[in-house]
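Here the structure is laid out as structure tokens; the discussion comes afterwards.
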Amino acid sequence: MSAAPSHGGRAAAPAAAPEPLLRLAFAAPLAVVAGLLLVTAYPALAWWPMALPAVVLTLITLVGRRFWSAVLVGFLFGAAFFSVNLLFTARYLGFVPWAALSVLESLLTAVFAVPIALAYRWMPRVAPGVVGRVVALPALVAGLWTLREQVVGSWPYGGFPWGRIGVSQVNGPFAEVASWVGMSGLSFLVVLVCAAAIEVVRLRPTRGRHRGRHLGAAAPALVALALVAVPQFPTTDAGSIRVGAVQGNGPAGYFDQRARGAVLNAQLAASAPLLGQDMDVLLWPEGGVDSDPTANKETSRVLRELSRRVDAPLLVSAVTARGSELFNSSLLWTADGQVGATYDKRHPVPFGEYVPDRAFWEPFAPDLIGLIGREYTPGTAAPLIDVNGVDVGLAICFDVIYDDVVWDGAREGAEVFMFQTNNADFRGTDENLQQLAFAQMRAIETGRAVVNLSTVGTSQVIAPDGSTLDALPIDTAGHMLTDVPLRTGLTPAVIIGPAVKIVLGWGSLAALLFAGVVVGARARGTRKTPTPEGADV
């Protein structure tokens with residue numbers, strides 16, 4: 001005869017660790033499918049809804065997994081996603097850089113698949129009720145996913161925060177939430193909805209035993225509805241600035257064959273239709289000047305004359321030298337030949353604009369490393385300049401994918417952003433459109449208009465709500481003359497963004513460790529508890 005359950009005596013044994021939802025033979029190929037599906041959420045396809053099933057499939061493959069199987073599944077997902085999403089890195093340099101970056105990102109994804117798998121093993125044992133399963137567990141999983149994005153985006157050598165879930169939603173109904181919680185917060189919320197939906201389905205066979213089953217089942221839909229309903233945080237209208245922006249379509253690529261001054265001449269030719277037009281500033285892209293105007297007297301003279309003829313300052317970009325150091329710089333050039341302000345790129349691209357630990361890496365690929373002859377020094381100045389009384393926030397090329405540059409510019413008082421970039425090394429790939437998606441998301445996140453200007457395209461003037469005000473097609477020389485809105489006031493994303501990242505990322509890791517301690521303590525307590533006499537075991 002079995003003993004009756006006791007309500008006042010010995011505590012019930014903790015729930016057993018869950019078994020995997022899928023055998024590894026099915027989970028492994030499904031992880032590859034999930035990675036490839038996630039690629040479609042980003043430009044050029046930009047099918048933003050595809051991020052949702054991709055995340056769901058990825059999480060399903062990790063439920064109940066142990067250490068090494070979680071590593072394998074995580075690696076396969078990362079390899080499928082990054083090898084395709086980062087294919088543009090092979091455009092000129094070939095297989096080795098593409099493979100190295102894809103494998104690195106995949107390995108980091110594999111490592112951070114383990115905490116997610118542990119969350120699925122531990123949290124149902126710590127909080128087995130409906131709230132624990134539909135709220136606490138999904139929140140922990142989403143936080144750990146966000147932590148992985150943050151680590152990949154900051155390590156090693158400053159990281160490479162490409163392929164964040166948040167940026168995939170730039171054209172979807174959730175995008176405006178970024179103005180409240182930033183891109184990391186948006187990544188968290190999207191993954192939260194997916195993870196909660198999984199738990200609702202998993203609970204259905206036993207939901208009759210849970211009093212809160214109806215609320216639990218509705219939780220993912222309620223969160224998704226809230227994300228759609230939340231409007232963009234409003235910033236304050238502060239007038240407008242008339243910006244001339246020129247896309248010269250010159251031979252600005254690293255390996256482009258060109259004569260001396262060819263890029264400068266292409267920019268001058270494309271600027272000619274703007275002569276005599278009324279404007280507040282003339283903007284050129286990154287690398288639009290192929291000599292150092294602070295050292296080259298002829299280049300300085302040409303820019304000075306152009307500024308005089310358009311009767312406005314120029315915001316140009318060039319490689320500048322100060323002593324033995326080289327910088328990728330934005331320069332405000334005036335008709336008197338003076339540099340009104342300078343901003344140096346904060347995040348030069350490792351293995352693109354400089355080689356970290358060159359002595360270590362060069363033996364592995366001496367021919368490729370040898371191609372990178374320049375060593376750009378990271379800038380330290382605030383990403384902000386004053387253009388005739390208007391505070392303009394700046395970012396140069398991949399600076400735009402790093403939160404700190406854009407947030408610092410907004411906090412310093414930027415009323416509009418001007419992003420200078422050079423996509424010539426990635427012609428014929430999706431890189432320029434993916435970078436443009438970041439620029440659009442930065443507009444929404446900060447409530448500021450953005451002028452995103454490339455040497456070869458795609459260039460756009462983006463409104464504070466992320467919509468397009470003006471544009472130039474790729475691989476076409478041309479210009480824009482646009483009245484760009486100015487805004488003041490900080491969005492919550494800018495104010496609390498760093499705290500959100502700490503709480504979501506490192507807070508989730510702390511919560512996981514706490515859950516592990518609780519599960520371990522309960523297991524030890526169960527082993528030490530003697531079986532009551534007379535119990536039928």
Determine, step by step, whether L144 and L512 satisfy the side-chain contact (heavy atoms from CB on, under 4.5 Å) criterion, reporting the C-alpha distance in whole Å, the side-chain angles of both residues, the deciding distance to 0.1 Å, and the verdict.
CA-CA 9 Å; L144 293 169; L512 178 68; 4.2 Å; yes
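- Side-chain N or O atoms of D386 include one that pairs as donor or acceptor with a backbone N or O of G389 at under 3.5 Å.
- Across all non-hydrogen atoms, the minimal contact from G447 to T491 is N-CG2, 4.0 Å.
- Counted by atom type alone, E353 and N328 present one or more donor-acceptor pairs between their side chains at under 3.5 Å.
- One finds the CG atom of L453 at 10.0 Å from the CE atom of M418 (value rounded to the nearest 0.5 Å).
- In plain terms, the two heavy atoms of L326 and A321 that are nearest each other are CD2-CB, 3.8 Å.
- Side chain of Q435 to backbone of E431: no donor-acceptor contact under 3.5 angstrom is found.
- The shortest side-chain heavy-atom distance between V243 and M480 does not fall under the 4.5 Å cut-off.
- Taking CG of L101 as the start and OG1 of T89 as the end, the distance is 5.5 Å to the nearest 0.5 Å.
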Step by step, work out the side-chain contact (heavy atoms from CB on, under 4.5 Å) result for F160 and V152.
CA-CA 6 Å; F160 189 58; V152 168; 5.5 Å; no
Take R322 and T320 through the side-chain hydrogen bond (donor to acceptor under 3.5 Å, both in side chains) test and state the conclusion after the steps.
CA-CA 7 Å; R322 270 156 264 163; T320 61; 3.0 Å; yes
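- Shown are I444, L227, V190, L189; of these, the side chain to side chain contact (heavy atoms under 4.5 Å, CB included) with Q169 is made only by V190.
- The nearest pair of heavy atoms linking P161 to I401 is CG-O, 3.2 Å.
- Donor-acceptor pairing under 3.5 Å is lacking for the side chains of S179 and Q232.
- Both tests do not hold together for R374 against Y354: distance to the six-membered ring centre under 6.0 Å, angle to the ring axis within 45°.
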Let me have the donor-acceptor pairs involving side chains of residues 38-54, under 3.5 Å, with sequence neighbours excluded, atom names and distances please.
unit_1 : atom_1 : unit_2 : atom_2 : d
T40    : OG1    : L37    : O      : 2.6
Y42    : OH     : G163   : O      : 3.0
Y42    : OH     : R164   : O      : 2.9

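- Ion pairing between R487 and D237 holds under the 4.0 Å rule for side-chain N and carboxylate O.
- Here the closest non-hydrogen pair linking T146 and S184 is CG2-O, 3.7 Å.
- Under a 3.5 Å cut-off, the side chain of S467 and the backbone N or O of A463 do not form any donor-acceptor pair.
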Pair F112, V151 - check side-chain contact (heavy atoms from CB on, under 4.5 Å), show working.
CA-CA 9 Å; F112 281 90; V151 172; 3.6 Å; yes
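- Within the 3.5 Å criterion, the main-chain N or O of A252 finds a donor-acceptor partner in the side chain of N422.
- For Y402 and H347, the ring centers sit closer than 6.0 Å to each other.
- Residues F188 and L186 have side chains not in contact (no heavy-atom distance under 4.5 Å, counting atoms from C-beta outward).
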The test is side-chain hydrogen bond (donor to acceptor under 3.5 Å, both in side chains); show your working for D399 and Y343 and say whether it passes.
CA-CA 12 Å; D399 267 350; Y343 165 71; 2.7 Å; yes
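- Rounding to the nearest 0.5 Å gives a distance of 5.5 Å between CZ of F75 and CG of L107.
- In this model, a donor atom of one side chain and an acceptor atom of the other lie less than 3.5 Å apart for W407 and E445.
- Defined by atom type and a distance below 3.5 Å, a donor-acceptor pair is present between the side-chain atoms of D357 and Y157.
- Interatomic distance, CD1 of I116 versus OG1 of T61, reported as 9.0 Å (0.5 Å rounding).
- Judged by distance alone, the side chain of Q420 and the main-chain N or O of W284 form a donor-acceptor pair under 3.5 Å.
- Paired with L384 under the rule side chain to side chain contact (heavy atoms under 4.5 Å, CB included), one option of V392, D391, L394 passes, and it is D391.
- A distance of 10.5 Å separates CG in L140 from CG in L147, rounded to the nearest 0.5 Å.
- Checked against a 6.0 Å centroid threshold, the rings of F82 and W162 do not count as neighbours.
- Distance alone, capped at 3.5 Å, is enough to place a donor-acceptor pair between the E375 side chain and the V355 backbone.
- The 12-atom threshold is exceeded at CZ of F67, counting heavy atoms of other residues, nucleotides or ligands nearer than 6.0 Å.
- Figure legend: R125 and W122 shown without cation-pi pairing, the cationic atom not lying both under 6.0 angstrom from the six-membered ring centre and within 45 degrees of its axis.
- At least one donor-acceptor pair closer than 3.5 Å links the side chain of T429 to the backbone N or O of F426.
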If you apply the rule side-chain contact (heavy atoms from CB on, under 4.5 Å), what do you find for T235 with T488, and how did you get there?
CA-CA 6 Å; T235 48; T488 58; over 6 Å; no
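- Put simply, CZ on R66 and CZ on R121 are 4.0 Å apart, with the number rounded to the nearest 0.5 Å.
- Taking a cutoff of 4.0 Å between a charged side-chain nitrogen and a carboxylate oxygen, K501 and D404 do not qualify as a salt bridge.
- The backbone N or O of V170 sits nowhere less than 3.5 Å from a side-chain atom of Q440 that would complete a donor-acceptor pair.
- With hydrogens and angles ignored, the 3.5 Å screen pairs a side-chain donor or acceptor of S454 with a backbone N or O of V456.
- R442 and T446 make their closest contact through O-OG1, 2.8 Å (heavy atoms, listed as atom of the first residue, atom of the second, distance).
- In this structure, the side chains of I396 and E286 come closer than 4.5 Å at one or more pairs of heavy atoms.
- Within the 3.5 Å criterion, the main-chain N or O of S83 finds a donor-acceptor partner in the side chain of W98.
- Under the 30°/60° scheme for interplanar angles, the aromatic rings of F77 and F81 are found to lie parallel.
- In terms of heavy-atom proximity, A515 sits nearest to V126 at O-CG2, 3.8 Å.
- Using a 4.0 Å cut-off between charged nitrogen and carboxylate oxygen, R242 and D483 count as a salt-bridge pair.
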